[in-house]
Amino acid sequence: CGLGAVGVASALLGHRCISTDLAEELHLTEVAGAANRVTIASVGGSWEAAALDWRAPPTWVLEEYWDTILASDIIYEDEQAKPADAAQTAFLGLLLKLSFSQLLLAERERSVVLTAAFLGRLAAHGLKAVRTD
């Protein structure tokens, strides 16, 4: 989740937010959240950072009903990242286990082919995808 900017911004609008990433990637997110904690509380929002591995989600993730899932930068492939298919499979597997109203996915389209494949996989599992530019 990098800096957790989307989660922090949502919390600053008064929402309850949990920014997640792999445990080893959470440090910058925690720093950004801590810097905004007082302001978040003053507007009635809440924010926290939590470790989440899509392949083995903790019970609290599976038991919660999520109004909105905000995700970004998950459709990619490069020499330093896991292959796109493995990442997409893990994320889709998590989505299929969750109870939620909507997923808002922000992506910088690196590959038309990868994006189309992921949207196709969502549709194949009954998840409606609407693309906006």
Side-chain angles (χ1 to χ4, degrees):
C1 65
L3 293 175
V6 172
V8 170
S10 296
L12 287 166
L13 293 171
H15 299 285
R16 174 182 169 252
C17 298
I18 304 172
S19 295
T20 64
D21 206 332
L22 296 171
E24 60 271 16
E25 303 296 333
L26 280 176
H27 176 71
L28 290 176
T29 303
E30 291 167 336
V31 170
N36 289 282
R37 200 167 304 277
V38 171
T39 306
I40 289 169
S42 75
V43 298
S46 69
W47 179 90
E48 64 184 278
L52 173 61
D53 183 335
W54 298 338
R55 297 162 298 177
T59 304
W60 67 266
V61 171
L62 302 174
E63 292 177 345
E64 183 82 28
Y65 175 80
W66 304 97
D67 292 325
T68 302
I69 298 172
L70 303 171
S72 63
D73 230 14
I74 63 167
I75 305 172
Y76 59 85
E77 182 173 48
D78 65 35
E79 54 280 344
Q80 295 182 348
K82 294 181 216 164
D85 189 56
Q88 288 182 18
T89 298
F91 185 68
L92 181 58
L94 174 63
L95 286 178
L96 295 173
K97 295 175 187 173
L98 296 178
S99 178
F100 64 97
S101 293
Q102 65 179 341
L103 163 69
L104 300 177
L105 176 62
E107 286 294 321
R108 176 177 59 94
E109 190 168 58
R110 294 173 176 95
S111 165
V112 172
V113 173
L114 288 177
T115 300
F118 183 71
L119 296 178
R121 291 176 81 180
L122 290 175
H125 286 88
L127 298 171
K128 180 182 174 186
V130 178
R131 184 182 179 132
T132 61
D133 292 315

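Both backbone and side-chain heavy atoms feed into the values below; hydrogens, waters and symmetry mates do not. Each residue takes its place number in the sequence, starting with 1. Just so it is clear, the structure is predicted and the values come from calculations on it, not from any experiment.
Considering all non-hydrogen atoms of both residues, Cys17 and Ser10 come closest at SG-CB, 3.3 Å. Scanning both residues, Ser19 and Leu26, for their nearest heavy atoms gives O-CD2, 4.3 Å. A pairwise comparison of heavy atoms in Gln88 and Ala117 identifies OE1-C, 4.4 Å as the closest pair. For the pair Leu103 and Ala71, the tightest heavy-atom approach, listed with the atom from each and the gap, is CD1-CB, 4.0 Å. Nearest heavy atom pair, residue Ala11 against residue Val43, reads O-CG2, 3.7 Å. Shortest non-hydrogen contact noted between Gly33 and Val8 is CA-CG2, 4.1 Å.
Scanning for side-chain hydrogen bond (donor to acceptor under 3.5 Å, both in side chains) contacts around Arg37 gives an empty result, with sequence neighbours left out. Remark: Phe91 engages Trp54 in a ring pair (Phe, Tyr, Trp, His ring centres under 6.0 Å) (not counting sequence neighbours).
Gln102 contributes atom CD, which lies 8.0 Å from atom CG of Leu70 (distance to the nearest 0.5 angstrom). Atom CG in Leu52 sits 6.0 Å away from atom CG in Leu94 (nearest 0.5 Å). Put simply, CD1 on Ile69 and CZ on Phe100 are 4.5 Å apart, with the number rounded to the nearest 0.5 Å. Distance CD/Glu48 to CD/Glu30: 10.5 Å, rounded to 0.5 Å.
Transitive grouping of hydrophobic side chains (ILVMFWY, heavy atoms separated by less than 4.5 Å) keeps Leu98 and Tyr65 in distinct clusters. No path of Ile, Leu, Val, Met, Phe, Trp and Tyr side chains, each step under 4.5 Å between heavy atoms, connects Val38 with Leu13, placing them in separate hydrophobic clusters. The same ILVMFWY cluster, assembled from side-chain heavy atoms under 4.5 Å apart, contains both Trp66 and Leu105. Taken together through direct or relayed side-chain contacts under 4.5 Å among Ile, Leu, Val, Met, Phe, Trp and Tyr, Val112 and Leu114 form parts of separate hydrophobic clusters. Under the 4.5 Å side-chain heavy-atom criterion for ILVMFWY residues, a single connected hydrophobic cluster contains both Leu62 and Leu92.
No side-chain donor from either of Thr89 and Arg55 sits under 3.5 Å from a side-chain acceptor of the other.
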* Going through the checks in order, is the side-chain contact (heavy atoms from CB on, under 4.5 Å) test met by Leu95 and Leu122? -> CA-CA 9 Å; Leu95 286 178; Leu122 290 175; 3.9 Å; yes
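At a threshold of 4.5 Å between non-hydrogen side-chain atoms, the residues Thr29 and Thr20 do not count as touching.
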